[in-house]
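The figures that follow rest on heavy atoms only: side chains count, while hydrogens, waters and symmetry mates do not. Bear in mind that the values here come from a model prediction, so they are computed numbers and not experimental data.
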Amino acid sequence: MEPAMSEMITADLVDLDLAPQSKEEAVRSLAERMVSLGRVTDLEGFLADVAAREAQMPTGLDGGIGIPHCRSTHVTEPTLAFGRAAQGVDFGAPDGPADLIFLIAAPAGADDAHLTILSSLARRLMDAEFTAALRATAEAGRAVALIRGDEEPEEPQAQEAQEPQAQEAQEPQAQEPEAQEARVHASEVQEPEAQGPVPGPEPEPARPFRIVAVASCPTGIAHTYMAAESLEQAGRDAGVEVSVETQGSAGFDRLDPALIAAADGVIFAHDIAVREKERFAGKPTVDVGVKAGVNRAAELIDEVRTKAERGETTAPAAAASSGTPVDRAGEPGEGYGTKLRKWLMSGVSYMVPFVAAGGLLIALGFAIGGWEINEAPSVAEHFAWGQVDSWAALMFQIGELAFGFLVPVLAGYIAYGMADRPGLVPGFVGGAVALTINAGFLGGLAAGLLAGGTVLAIRRLKIPSVLRGMMPVVVIPLVASAVVGFLMFLVVGKPIAELQKALTDWLSGLSGANAILLGMILGLMMCFDLGGPVNKVAYTFAVGGLASPNEGSLKVMAAVMAAGMVPPLAMALATAVRGRLFTKAERENGKAAWVLGASFISEGAIPFAAADPLRVLPSVMVGGAVTGALSMTFEATLRAPHGGMFVVPLIGHPFLYLLAILIGTVISAALVILLKSARKAPVLEPNGEPAAETGHKVAVAA
C-alpha cells in the first residue's frame, strides 16, 4: 500500500466498540476523533457535509458495511476513521444494518493520489477475508495494519489444505506392491496408443464474452471503485472479461478504443453523467445506478449477455439521448418540476458569464464616456488611439455584442440541458428569433424549452437505420430549427413579446409601495439559498430587464445586487464583533467574506449557513429584504449586472445605496449574534479555540 495511507488512519481513529443508536451518532463519534487530531476543523460543518452526501444516496453496502463519506472544506487532510458496531447501524443497505463503518473525509481539493488510495480501500472491502479479519480482530493496531495493507488477513484453511497435499505426495511410497504393479501395467497398455498417428492441432478455445463498463458516483470516492471491483470479480466468476472505466474524482482514464470496439456488451453503473457516452453506442447496454453495480454485478452481467443473444443494441443517435447532461446529474425518480428547474438553471449558468462580461464592459463604457456613449459611431470605422471617448466606445460596443448573446445562450443551453448537443442549434436559433421580435428574456426561456422538446420528440420517431448516422448532424438541427423558428415567429413569439413589453412598462412605472414591496421580495429571494435556484431566479429577472433598460429595470438591478451583498458581509461583521460564537474556521471564512460580499458573491455565506442554517438563513433574509426595500425607496439605479462595491461609480444615488447595504448588513449580523447567543456559554475545542454549536446542544469534540 502507498505510504500515504499510513497518514490517513492511525489507532486513534479506530473504535472497535461503537455503540450508536443511529447512523448520525456513529458518524459523529468517528468525526469527533478526527476533530481531536486536528483533521477536521469544524465538527458541525463537517457533519452537515456528510449528511448532505448521505441525502444524495445511502452509503450502506451489502455485507454489513457502511461508508459515509464526503468532500468538505472543513477537512485539513485526507482521513479515514473505522468503527465496529456490534449491534449494527442502518446505513440503508438492502441486506440490513452495518457493523463495519468507514468514515472517509476528503478535503475539497484532495489530489488524485489520495483519492486513488481511498479507491484501493473501496476495492478491498469486496474481499470477504479482509472484512472477516476486521470483524475478528480485538486490537485497534491490527485493524489499522489490515486497512493500511501492512498485514494480510490470515487464511485459517491454509494449513488444512496443505496437509492432504502432503499426504498425497507421500502416498506412492506407502502403496502396496499390487497397486504399483497395476499402475505400471496400465501405463504399458497405453504406450502403443501414444505411438499411433499424431493427432491434428487442437481447436482454439472459444473467445470469452467481453464487457466494458463505466462506474461513477457523485463524489467518486467509494462507490465508484467498489462497483468496479464487484463487476470485475463477478466477471471472473462467470468466465467473462470485464474492463471497467472509473469516472471518479481521482480522474478519468479512458478505456482503450480498441477494447470498446471489441466488447460484446456495456454496463453503465452510474449516478452522474457518463462522460463521452457516445463511445459505447451500438452495443447491448445495461444502464443502472452505481449501487446496482456493487450489489447485483452478476445479474447485470447475465442481463448484458441476454441482450446480446437477442441482438438488442443502442442506436448511435440514442447514445446521447439516453440521458441529458441534466438528467444524468439528477436523482433517480425525479419529478418533472425538478427536471424543469434544472433545465432552466442549465441555461442560466451558461448565461451568467456573458452577462458579467458584457454588462460590466457596457457599464465601464458609460462610466468613462458618459451616457451618450451608446450613440458613438462604430469603432471599426472611427477610432482615435489618444481619445478616452474612443476607448469608452470600444468597451461599450464589445460589451453590447457580448450582452447580445444573453438570450440565445440562455435558450441554447436550456435546450442542451434537455436534449444534449442536438438541442444547441435549434436553441440558439430560437433565442435569436426571440431577440429579433423583441420577446427578450421570456422569449429565450420559451425558445429553449421548445427547442429541447422538439429534439426529444424527433428522437422518439422510428428512423431507418441508413439515416441514423445523419440524424445528429443534419436531420435534427434542420428539422428542429425550422419547427422552433416557425413557432417563435408566428405562434408563441408575438404573445411573449407583448408580455415582455407589459413587464417592461410595469417596471418603468413602479413607484411608492409597489417598488418597495418588489425590492423586499427580491431581497428575500437573493438571500434564501445563497446562489441557489431561488437566488438565480431573482438575479435573472433583474438581468433580463437590462436587455431593454429603463428607470424601473435599473432600480430592480440595484436592489438585487445590494441584497445579494448582505449575507457574506453580515457574516464577516458578526465574526469580527463576536468571534467567540464562531469556530476558528468560521472566523477565517469571515475574513474572506468581506471581499466576497463586497464583490457581490452571495455564496461567501454558504459555510456559515451549512453549519447553522436555522439561525443564519433567517437572519440574512431579513437583512436582504430590508436592503432591497431601502434600495427601492432611495431610487438607486444600476446599469452593471455585477461588480459589487467596484461599480459604485455607476450607481445612481451611490451614498444612499451604500447606506441601504450597511443597514441590512448590521441587521443581519445583529440577528445572527442574538440567535447564537441564546444558547449555553460557548465551550472550547481540543485546541483551545471556541467551538461552534447548533441546535440546543453544545458540540464537544471528544
Looking at every non-hydrogen atom in both residues, tell me the closest pair between [X] and [Y] and how far apart they are.
X: V14; Y: A143; answer: CG1-CB, 4.3 Å
X: L43; Y: A31; answer: CD1-CB, 3.7 Å
X: V27; Y: L103; answer: O-CD2, 3.8 Å
X: M418; Y: G453; answer: CE-N, 3.6 Å
X: G452; Y: A415; answer: N-CB, 3.7 Å
X: A439; Y: G493; answer: CB-O, 4.1 Å

Nearest-0.5 Å distance, [atom1] of residue [X] to [atom2] of residue [Y]:
X: H270; Y: K277; atom1: NE2; atom2: NZ; answer: 4.5 Å
X: L300; Y: L231; atom1: CG; atom2: CG; answer: 6.5 Å
X: L80; Y: F102; atom1: CG; atom2: CZ; answer: 7.0 Å
X: I211; Y: I301; atom1: CD1; atom2: CD1; answer: 5.0 Å
X: F46; Y: C70; atom1: CZ; atom2: SG; answer: 4.5 Å
X: R210; Y: L259; atom1: CZ; atom2: CG; answer: 8.0 Å

Any side-chain heavy atom of [X] within less than 4.5 Å of one from [Y]?
X: P426; Y: T454; value: no
X: Y416; Y: R421; value: yes
X: L255; Y: V214; value: no
X: V212; Y: R279; value: no
X: E54; Y: F91; value: yes
X: L530; Y: L617; value: yes
X: V429; Y: V484; value: no
X: P284; Y: D264; value: no

Donor-acceptor pair, [X] side chain versus [Y] backbone, under 3.5 Å?
X: R148; Y: I9; result: yes
X: S29; Y: E25; result: no
X: D99; Y: G88; result: no
X: H69; Y: I67; result: yes
X: K283; Y: I260; result: yes

Crowding at CZ, F405 (>12 non-hydrogen neighbours, <6.0 Å):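 12 or below, so no.
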Heavy atoms from other residues, nucleotides or ligands near CZ of F209 exceed 12 (cutoff 6.0 Å): yes
Worked check of side chain to side chain contact (heavy atoms under 4.5 Å, CB included) between T285 and K307: CA-CA 8 Å; T285 301; K307 286 190 172 185; 5.8 Å; no
Partner set under salt bridge (charged side-chain N to carboxylate O under 4.0 Å, His left out) for R310, not counting sequence neighbours: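 Per chain and number, R310 pairs via salt bridge (charged side-chain N to carboxylate O under 4.0 Å, His left out) with E312.
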Audit row: F130, I147, side chain to side chain contact (heavy atoms under 4.5 Å, CB included) steps and yes/no: CA-CA 9 Å; F130 174 66; I147 294 170; 4.3 Å; yes
Residues that D237 engages under side-chain hydrogen bond (donor to acceptor under 3.5 Å, both in side chains), provided they are two or more places apart: Q233
Side chain to side chain contact (heavy atoms under 4.5 Å, CB included) between V240 and R305, intermediate numbers included: CA-CA 10 Å; V240 173; R305 299 183 76 167; 3.4 Å; yes
Derivation and outcome, side chain to side chain contact (heavy atoms under 4.5 Å, CB included), residues V40 and T79: CA-CA 9 Å; V40 170; T79 302; over 6 Å; no
Pairs involving residues 80-89, ordered by first then second residue, that meet side-chain hydrogen bond (donor to acceptor under 3.5 Å, both in side chains) (sequence neighbours left out):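 The answer is none; no pair qualifies.
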